[in-house]
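Working notes, beginning with the structure itself.
Whatever order the structure lists them in is the order used to number ligands and atoms, beginning at 1.
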Amino acid sequence: MPVITVEMHEGRSIAQKKQLVEGITNEFVKIGTPAEKVTIIFRDVAKTNWASGGKLSSESAARPL
Ligand SMILES: O=C(O)/C=C/C=C(\O)C(=O)O
């Protein structure tokens, strides 16, 4: 019963999340896991709560989601 947690910047659309769900689930199906057993949790993190390379994401140049 795999549980996959995806922590990412907030802002992705439902359509984008559905695409991710399909892709991630399919990878597990390819290795023999029934799709119903795959659980995916999205944790959308505000850019003010995320930092990389010593900088808050909210203060870094915007990149497309
Ligand atoms: O850590 C970074 O520099 C960038 C992270 C980007 C995401 O988490 C995202 O695109 O959701």
Side-chain angles (χ1 to χ4, degrees):
M1 171 167 84
V3 179
I4 302 95
T5 303
V6 179
E7 297 194 36
M8 61 186 183
H9 287 161
E10 64 184 1
R12 289 186 171 83
S13 67
I14 296 295
Q16 288 174 314
K17 290 179 181 177
K18 284 175 144 179
Q19 192 174 337
L20 289 170
V21 164
E22 190 178 318
I24 293 167
T25 301
N26 282 341
E27 290 303 314
F28 275 93
V29 169
K30 280 188 209 168
I31 62 166
T33 309
E36 318 78 66
K37 298 289 183 190
V38 179
T39 298
I40 300 167
I41 300 166
F42 289 111
R43 297 194 196 281
D44 294 355
V45 180
K47 291 184 179 180
T48 52
N49 291 332
W50 187 301
S52 297
K55 282 190 174 179
L56 284 173
S57 294
S58 57
E59 295 176 351
S60 298
R63 279 173 286 178
L65 291 175

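Annotation for Thr48 and Leu56: closest pair O-CD2, 3.6 Å, computed over non-hydrogen atoms.
No side-chain heavy atom of Gln19 sits under 4.5 Å from any side-chain heavy atom of Arg12. Contact check for Asp44 versus Met8: side-chain heavy atoms found under the 4.5 Å cut-off.
Just one residue in the list Ile40, Leu20, Thr33 forms a side-chain contact (heavy atoms from CB on, under 4.5 Å) with Thr25, and that residue is Ile40.
In the vicinity of Ser52, heavy-atom distances shorter than 4.0 Å reach the ligand 1 atoms 1 (O), 2 (C), 3 (O). Every atom of ligand 1 with a heavy atom of Met8 under 4.0 Å away is listed here by number and element: 8 (O), 11 (O).
Nearest to atom 9 (C) of ligand 1 by heavy atom, out of Glu7, Arg12, Glu10, Lys47, is Arg12.
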